[in-house]
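Data block below; observations after.
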2 protein chains.
Amino acid sequence: MASKEQRHRAIQEIISVESVSTQAELVDRLRGKGYDVTQATVSRDINELRLVRVPLGRGKHKYALAQLELTEDVMDELGRIFQTFVHDVDRGENLVVLKTTDGHATGIAFLIDRLRRDDIVGTLAGEDTIMVVGRTVAEAKRLQEEFEDLLA
Amino acid sequence: MASKEQRHRAIQEIISVESVSTQAELVDRLRGKGYDVTQATVSRDINELRLVRVPLGRGKHKYALAQLELTEDVMDELGRIFQTFVHDVDRGENLVVLKTTDGHATGIAFLIDRLRRDDIVGTLAGEDTIMVVGRTVAEAKRLQEEFEDLLA
DNA sequence: GGGATATCCGCATGAATATGCTGAATATAC
DNA sequence: GTATATTCAGCATATTCATGCGGATATCCC
C-alpha cells in the first residue's frame, strides 16, 4: 500500500514540476500516479507539508513549497546559535568582529550571509573570528547592537 | 479617502506584526485602522500583493509576505557551494559522508540542516567531513545521488 | 458639459479549502 | 493471543476565499 510519506513526496514532486492551482487538480495528478485519495486528504497533506497557494495575479494560483527560511526564522536560529557559539562582539568603524567557539566561525558566517541584508557587504571567516563588513559605519553600529542583543 | 495603495501598505504592516489567519480577521484589523472594506476587497488585495496563507500545522494558518526564495534557490546555492568546497560523496548504509575543503564542513552542514528535509535526520560536521544521517538506507541512497549530481 | 472608458468595490454567490466525525487499519501494551 | 491507543482517510459539511455583475466615482478627450 502506498504510504502517506510516499504520497507526500509525490505531491512535492508534482507541484515542483507542474503548475497545480487547486487541490482538485492535485487529486487528479495523484490519481494519475496511482494514489487514490480525496480532496480532504490532500488538504491535510498540504497542511502537513506546509505548502502555500501563491496568487499569480489575474486570478491564477499555484501551489508551491513553503519557503523554509523566512527571515525571522533565520534570525531566530541565529539567536540560538549566537548564544551557543558566539562569545564576543566588537567593532572597528564599519567592521563588526565576532569571536566564536573554535571551528564554528565559517558556519555562522554562512548563516549571516544568508540573511542577505543590504547593510552587510559581506563576511569573512577564519577559525574563531568572523568579520562582518557593514556598508557604512552607522549601519555597522546598528548591526553591532543587533548582534549584542542576540547574545543577551 | 484612503487610497488602495495605503490600504495595501496597511495590510502588509498588519500581517508582518500580528498573526492573521483569515481574511475576515484582516477585515477586522483594517476596520480598526479606519479602512472600511469587505472580505471581497481584501481577497483582491491579497491577490495583488501576492500574499500567501501559510499552514502552521494543527489547522492554524497565517498570512505572510510572498516568499522570495523557494527551496529550489537553496538547492541552487548548495550546488554552487558544493562545486567549490565538496570533493567527495560516499555512503555507508544510511550515512552519507561528504569530504570538504578544510574548515568548511561546519558551514556546509549548517546549510544542509537548513533544508529541513524529512529524509535527513541530522548532520554532524568535523573539520573537513560531514556526516549526513538519512532516515533510511533507501533515502540515504537517493540523497547520495542528489549530492553527487550537485557535484557534476 | 457630456460621453466614453477605466478603476474600485460591495453584494451575492460560486468555488475552493478545512474539519468534525467515523470506521478501518495499524501499532503498542498487557 | 486480546485489549487499548494511535494513525489514517473518507464523507458530509462548515468555513474560507474568489469572482461576475453592477453601481459609484474618477479621468480624459472632444
Side-chain angles (χ1 to χ4, degrees), chain A residues 1-16 18-67, chain B residues 1-16 18-67 70 118-119 121 135-136 138-139:
Chain A
M1 171 207 163
S3 75
K4 176 169 146 181
E5 197 177 334
Q6 283 180 301
R7 192 181 60 235
H8 279 186
R9 289 202 181 291
I11 289 174
Q12 293 181 314
E13 206 174 304
I14 290 169
I15 67 163
S16 59
E18 43 189 318
S19 186
V20 178
S21 64
T22 68
Q23 297 184 1
E25 213 175 308
L26 189 47
V27 168
D28 280 353
R29 298 285 181 288
L30 283 170
R31 293 222 159 114
K33 283 180 176 268
Y35 298 93
D36 199 349
V37 290
T38 62
Q39 173 267 326
T41 297
V42 167
S43 167
R44 289 188 265 250
D45 287 344
I46 285 172
N47 263 281
E48 285 161 25
L49 293 170
R50 309 275 210 274
L51 303 183
V52 295
R53 193 168 184 242
V54 188
L56 304 174
R58 288 317 294 159
K60 299 263 196 323
H61 296 83
K62 75 172 277 196
Y63 278 97
L65 299 175
Q67 172 174 12
Chain B
M1 169 205 165
S3 77
K4 177 171 149 181
E5 196 176 335
Q6 282 181 301
R7 192 180 59 235
H8 279 188
R9 290 200 182 289
I11 289 174
Q12 294 182 315
E13 206 175 304
I14 289 169
I15 67 164
S16 58
E18 42 189 317
S19 186
V20 178
S21 66
T22 68
Q23 296 185 0
E25 213 175 307
L26 188 47
V27 168
D28 280 352
R29 298 285 181 290
L30 283 170
R31 293 221 159 117
K33 283 181 177 269
Y35 297 92
D36 198 350
V37 289
T38 62
Q39 172 268 327
T41 297
V42 167
S43 169
R44 290 178 183 117
D45 288 343
I46 284 172
N47 262 282
E48 285 161 25
L49 293 170
R50 307 275 210 275
L51 302 183
V52 296
R53 192 169 184 240
V54 188
L56 304 174
R58 286 315 293 160
K60 300 261 193 331
H61 296 83
K62 73 173 277 194
Y63 278 98
L65 299 176
Q67 306 174 347
L70 300 173
D118 283 346
D119 51 354
V121 176
R135 192 160 299 281
T136 66
E139 283 171 319

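Proteins come first, then strands; the chains are lettered A, B, ... in the order of their sequence lines, and each starts at number 1.
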[X] near the nucleic acid: base, sugar-phosphate alone, or nothing, with a heavy-atom cut-off under 4.0 Å?
| X | value |
| --- | --- |
| B/Arg44 | base |
| A/Thr22 | sugar-phosphate |
| A/Asp36 | sugar-phosphate |
| B/Val37 | sugar-phosphate |

Interatomic distance, [X] [atom1] vs [N] [atom2] [rounded to whole Å]:
| X | N | atom1 | atom2 | result |
| --- | --- | --- | --- | --- |
| B/His61 | C/dA16 | NE2 | C1' | 12 Å |
| B/Leu51 | D/dC17 | CG | P | 12 Å |
| B/Ile46 | D/dT16 | CD1 | P | 13 Å |
| A/Tyr35 | D/dA9 | OH | C1' | 16 Å |
| A/Asn47 | C/dA16 | CG | P | 18 Å |
| A/Leu30 | D/dC8 | CG | P | 16 Å |
| B/Gln23 | C/dA15 | CD | C1' | 13 Å |
| B/Arg7 | C/dT7 | CZ | P | 15 Å |

So which heavy atom on [X] is nearest to which on [Y], and how close?
| X | Y | result |
| --- | --- | --- |
| B/Asn47 | A/Pro55 | OD1-CB, 3.4 Å |
| B/Ser21 | B/Tyr63 | O-CE1, 4.0 Å |
| B/Val37 | B/Val27 | O-CG1, 3.4 Å |
| A/Glu25 | A/Val20 | OE2-CA, 3.8 Å |

Among the nucleotides [options], which one has an atom lying closest to any side-chain atom of [X]?
| X | options | result |
| --- | --- | --- |
| A/Ala40 | D/dT19, D/dA12, C/dT17 | D/dA12 |
| A/Thr41 | D/dA9, D/dC17, D/dC11 | D/dA9 |
| A/Thr38 | D/dT19, C/dG10, D/dG10 | D/dG10 |

Worksheet item: Does B/Val52 offer a backbone N or O that forms a donor-acceptor pair with the side chain of A/Arg53 under 3.5 Å?
Response: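 Pair absent, no side-chain N/O of A/Arg53 close to backbone of B/Val52.
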
side-chain N/O [X] vs [N] OP1/OP2, d < 4.0 Å:
| X | N | result |
| --- | --- | --- |
| B/Ser43 | D/dA18 | yes |
| B/Gln39 | C/dC11 | no |
| A/Tyr63 | C/dT17 | yes |

